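The structure presented is a predicted model; accordingly, all values stated were derived computationally and were not measured.
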Amino acid sequence: MSQRKVALITGASAGIGKASGLALARAGWDVALTGRRKDLLDAVAAEARASGARAIGVACDVGNPDSVKALFDAVMAEFGQLHLLFNNAGIGAPPINMEDLTYAQWQAVVDTNLTGPFLCTQQAFRIMQRRRTPHRRAHHQQRLDLGARAASEHGALHLDQARHHRPDQIHRARRPQVRHRLRADRHRQRRHRHGADA
């Protein structure tokens, strides 16, 4: 298993993705490179390995759940871990009038630019959460299960700490609410109008 940190870059066969993968490799990262064209990915991976990094190229359609799962399975099989995901893959619609854009062309943009980052981030979270210590995992799960109640109790805890350590903050928090200030302003306005009428 690699002791270096591992990055996964989508859209890595050319452009920004390729440059980012090679820069990470030179900076001491191991890299997993993905895109649609395996031949180009293999060439970039070879450049990364020339910098001393471990590198693999895995063809993937980021808009397809099965393809994304296979990608992350390959990353884990090679490296056993993942520290960084760069959702770089993206495409644009053809430069044509909107009324001429086909559904398939529209869907391809949505799948790559929107669904792809969702699927990849979802898989990355599953891997990265496994690295949490048991205590942090239990605390994280407790916060998820309790929802709003946990959030309110968490806020109450910080309020108690503030009372003990920073009483000036509590004093400021006890200033009149906005509605009370509005009522006072209206009262002054009524007194002013009555005095003017007199």
Side-chain angles (χ1 to χ4, degrees), residues 1-93 104 106-148 150-151 154:
M1 182 181 294
S2 174
Q3 299 302 311
R4 293 152 55 109
K5 289 189 175 181
V6 178
L8 169 60
I9 303 97
T10 69
S13 59
I16 293 174
K18 175 182 177 179
S20 299
L22 295 177
L24 285 165
R26 290 192 294 270
W29 289 68
D30 291 333
V31 292
L33 310 162
T34 191
R36 292 179 181 271
R37 295 190 54 179
K38 185 69 164 64
D39 56 337
L40 295 180
L41 292 170
D42 288 343
V44 179
E47 287 189 57
R49 287 192 290 270
S51 300
R54 290 177 62 190
I56 58 171
V58 182
C60 176
D61 175 2
V62 295
N64 182 290
D66 293 336
S67 186
V68 170
K69 185 179 184 306
L71 164 66
F72 279 81
D73 287 346
V75 171
M76 291 302 289
E78 177 68 24
F79 301 107
Q81 57 187 337
L82 179 66
H83 302 90
L84 172 67
L85 167 65
F86 179 19
N87 280 311
N88 169 71
I91 62 173
W106 164 261
Q107 193 62 51
V109 173
V110 172
D111 286 346
T112 303
N113 298 358
L114 184 61
T115 303
F118 163 73
L119 293 174
C120 290
T121 301
Q122 188 178 56
Q123 290 288 340
F125 275 7
R126 289 170 179 159
I127 293 172
M128 293 174 182
Q129 284 176 342
R130 295 175 198 162
R131 297 204 315 272
R132 294 173 178 264
T133 63
H135 171 73
R136 291 186 65 188
R137 277 201 303 268
H139 176 70
H140 178 69
Q141 187 61 44
Q142 182 184 41
R143 291 294 301 279
L144 288 176
D145 291 343
L146 295 178
H154 184 66

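Between T112 and R36, some side-chain heavy-atom pair lies under the 4.5 Å cut-off. Put simply, the side chain of F86 does not reach to within 4.5 Å of the side chain of L24, judged on heavy atoms. Counting heavy atoms from C-beta on, the side chains of T34 and L8 come closer than 4.5 Å. Within the 4.5 Å cutoff, the side chain of L85 has heavy atoms near those of the C120 side chain. Counting only heavy atoms from C-beta outward, the side chains of F125 and T121 approach each other to under 4.5 Å. Considering only heavy atoms from C-beta on, V31 stays 4.5 Å or farther from V44 through its side chain. Within the 4.5 Å cutoff, no side-chain heavy atoms of S13 are placed close to those of L33.
The CE atom of M128 lies 10.5 Å from the CD atom of Q81; values are rounded to the nearest 0.5 Å. Note that the CD atom of Q122 and the NZ atom of K69 stand 12.0 Å from one another [nearest 0.5 Å]. Between the CG atom of N88 and the CD1 atom of I16 there is a distance of 6.0 Å, given to the nearest 0.5 Å.
Put simply, the side chain of N87 never gets that close to the backbone of T10: no donor and acceptor are under 3.5 Å apart.
Residues A55 and A45 approach most closely at CB-O, 3.7 Å, considering heavy atoms. Considering all non-hydrogen atoms of both residues, R4 and W29 come closest at NH2-O, 3.0 Å. For the residue pair L82 and A124, the shortest heavy atom distance occurs at CD2-CB, 4.0 Å.
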